[in-house]
Amino acid sequence: MIVDSIETTILDIPLRRPHKFSILTIDSQALLLVRVTTRDGIVGVGEGVVPGGPWWGGESIEGMKILIDRYLAPLLVGRDVTRIGALGKMLDRMVAGAEFAKAALDMALWDAYGKGCGLSVNQLLGGPHRDRLPVTWALGADPADVVVAEARHKLAAGEHRSFKLKMGAGRPEDDVTRVCLVADALSAEADLAVDLNGSWDLATAERFLPEIVAAGVGLIEQPLPHWDVRGMARIADLLTVPVMADESVRTVHDATRLCQEQAADVLAVKLAKGGGITGVVETGVVAGAFGVTCYGGTTIESSIGTAASLHAFCAMPSLEAGSELFGTLLLADDVVVRPVAFEDGFVHLPTGPGLGVEVDEEKVARYARAV
Ligand code: MG
């Protein structure tokens with residue numbers, strides 16, 4: 001299975017409703033479709049995504065395309081797909097960082113590998129520890145009544161029973177009042193988490209987080225900036241509920257340090273920030289060795305990235321904290337023939353060779369960005 005060519009296409013997919021992060025609101029999501037074609041005609045697909053723009057991790061869709069087309073793809077042409085691990089190490093030596101771009105290629109290589117030998121990526125990774133994952137729904141940084149109404153609708157429809165609230169957009173006092181109103185209304189019937197995207201400093205977190213926990217929030221995600229590992233350890237020690245690291249954990253080395261410093265009870269892993277399937281599975285092994293659980297995060301993927309995430313996450317014994325693989329539910333359309341399946345608050349591991357998804361060429365043509 002020798003790589004013959006690699007093609008990249010930027011797609012812009014509209015969202016069903018605007019999605020608010022702490023510092024921006026998006027109404028469409030760009031993704032970079034990556035196709036690796038082998039000499040015997042197998043096509044592996046992968047997807048590069050960032051959450052709405054470069055604010056989260058420094059990489060952008062446009063930057064990824066240039067990096068892959070100009071630097072990463074030429075290094076892979078003529079190489080053997082079945083040596084994914086060694087190819088990843090080679091790319092790391094030739095291009096520093098750039099985990100989001102490398103993740104898209106890693107996914108496509110795994111898909112090609114699986115298709116070439118007639119096995120699912122999950123089987124190649126050792127097989128499933130589970131066949132489905134519970135899916136938390138992300139509520140935007142909207143006023144309490146809007147958020148509660150959306151959550152109640154999801155609960156009544158049986159779609160989700162755990163929710164994550166975005167925080168950090170406003171003054172801490174206002175934000176805490178809003179979240180406590182939501183928690184008062186929902187905490188008896190649903191699991192609630194908050195994600196601060198690293199917006200607070202240690203003093204603010206020490207002052208306000210116990211109040212949020214007392215109101216019924218059961219998990220606190222990334223309260224402090226990504227670099228403040230010692231501060232995260234202080235917060236993890238202070239609170240009676242789990243603290244989850246997201247921005248603080250990208251590589252297996254980040255995971256090791258967080259675990260050594262006891263700076264998180266849960267690690268949010270995502271294919272994009274973690275360099276793809278290969279990197280995330282390594283991170284899961286480290287977490288498991290420290291007795292820390294992992295949570296399957298999203299960067300708002302289509303069914304391609306969601307399927308890739310499921311193959312990795314379902315193969316990881318330490319991925320015991322559920323997931324937020326709701327990306328395709330936020331998108332108004334998908335780019336595959338049969339999108340990943342959701343049922344009763346769970347998303348199911350796809351079957352079939354490779355990632356188990358088939359690209360819909362009509363959708364690719366419709367959403368391709370004019371360049
Ligand atoms: Mg997060």
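Sequential numbering from 1 along the given sequence is applied to the chain's residues.
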Within the distance-only criterion (no hydrogens, no angle test), does the side chain of [X] pair as donor or acceptor with the backbone N or O of [Y] below 3.5 angstrom?
| X | Y | answer |
| --- | --- | --- |
| W56 | G52 | no |
| R130 | L319 | yes |
| H19 | I26 | no |
| S323 | P134 | yes |
| Q222 | E247 | yes |

**Report entry** Working for side-chain contact (heavy atoms from CB on, under 4.5 Å), residues T299 and F100
**Finding:** CA-CA 10 Å; T299 316; F100 290 68; 4.3 Å; yes
Going by an N to O cut-off under 4.0 Å, is there a salt bridge joining [X] and [Y]?
| X | Y | value |
| --- | --- | --- |
| R257 | D254 | no |
| E343 | R132 | no |
| E361 | R35 | yes |

For [X], is the [atom1] atom crowded, meaning more than 12 foreign heavy atoms sit under 6.0 Å from it?
| X | atom1 | answer |
| --- | --- | --- |
| R16 | CZ | yes |
| Q262 | CD | no |
| R79 | CZ | no |
| R230 | CZ | no |
| M94 | CE | no |
| R369 | CZ | yes |

Between [X] and [Y], is any pair of side-chain heavy atoms under 4.5 Å apart?
| X | Y | answer |
| --- | --- | --- |
| F208 | D175 | no |
| L267 | S318 | no |
| D80 | I2 | yes |
| D246 | K270 | yes |

For [X] against [Y], the heavy-atom pair lying closest together:
| X | Y | answer |
| --- | --- | --- |
| L271 | A103 | O-CB, 3.2 Å |
| E47 | E301 | OE2-CA, 3.1 Å |
| I61 | V49 | CD1-CA, 4.1 Å |
| P14 | Y367 | CD-CE2, 3.7 Å |
| S199 | L196 | OG-O, 2.6 Å |
| V34 | I68 | CG2-CD1, 4.1 Å |

Let me confirm one number: the [atom1]-[atom2] distance from [X] to [Y], rounded to the nearest 0.5 Å.
| X | Y | atom1 | atom2 | value |
| --- | --- | --- | --- | --- |
| E221 | L165 | CD | CG | 11.5 Å |
| D131 | T351 | CG | OG1 | 10.0 Å |
| E324 | H160 | CD | NE2 | 11.5 Å |
| D360 | S302 | CG | OG | 11.5 Å |
| M167 | D174 | CE | CG | 10.0 Å |

Query raised in the report: For V359 and V335, what are the C-alpha separation, side-chain angles and deciding distance, and is it a side-chain contact (heavy atoms from CB on, under 4.5 Å)?
Result: CA-CA 6 Å; V359 170; V335 295; 5.6 Å; no
Query - salt bridge (charged side-chain N to carboxylate O under 4.0 Å, His left out) assessment of K115 paired with D111 - result: CA-CA 6 Å; K115 284 174 174 164; D111 187 36; 2.9 Å; yes
Can [X] and [Y] be counted as having a side-chain donor-acceptor contact under 3.5 angstrom?
| X | Y | value |
| --- | --- | --- |
| D40 | T38 | yes |
| D69 | T8 | yes |
| T204 | D201 | yes |

Atom pairs and distances, side-chain donor-acceptor, residues 276-294, under 3.5 Å, sequence neighbours left out:
unit_1	atom_1	unit_2	atom_2	d
T278	OG1	D106	OD1	2.6
T278	OG1	W110	NE1	3.0
T283	OG1	G279	O	3.1

Report task. Decide side-chain contact (heavy atoms from CB on, under 4.5 Å) for H348 and V340; before the verdict, give the C-alpha distance in whole Å, the side-chain angles of both, and the deciding distance to 0.1 Å. Result -> CA-CA 7 Å; H348 292 258; V340 289; over 6 Å; no
Requested in this report: Check the pair K154 / E150 against salt bridge (charged side-chain N to carboxylate O under 4.0 Å, His left out), numbers first and verdict last.
Outcome: CA-CA 6 Å; K154 298 281 179 195; E150 185 176 336; 5.4 Å; no
Report task. Run the numbers on L219 and Y295 for side-chain contact (heavy atoms from CB on, under 4.5 Å), then give the verdict. Result -> CA-CA 12 Å; L219 184 141; Y295 169 84; over 6 Å; no
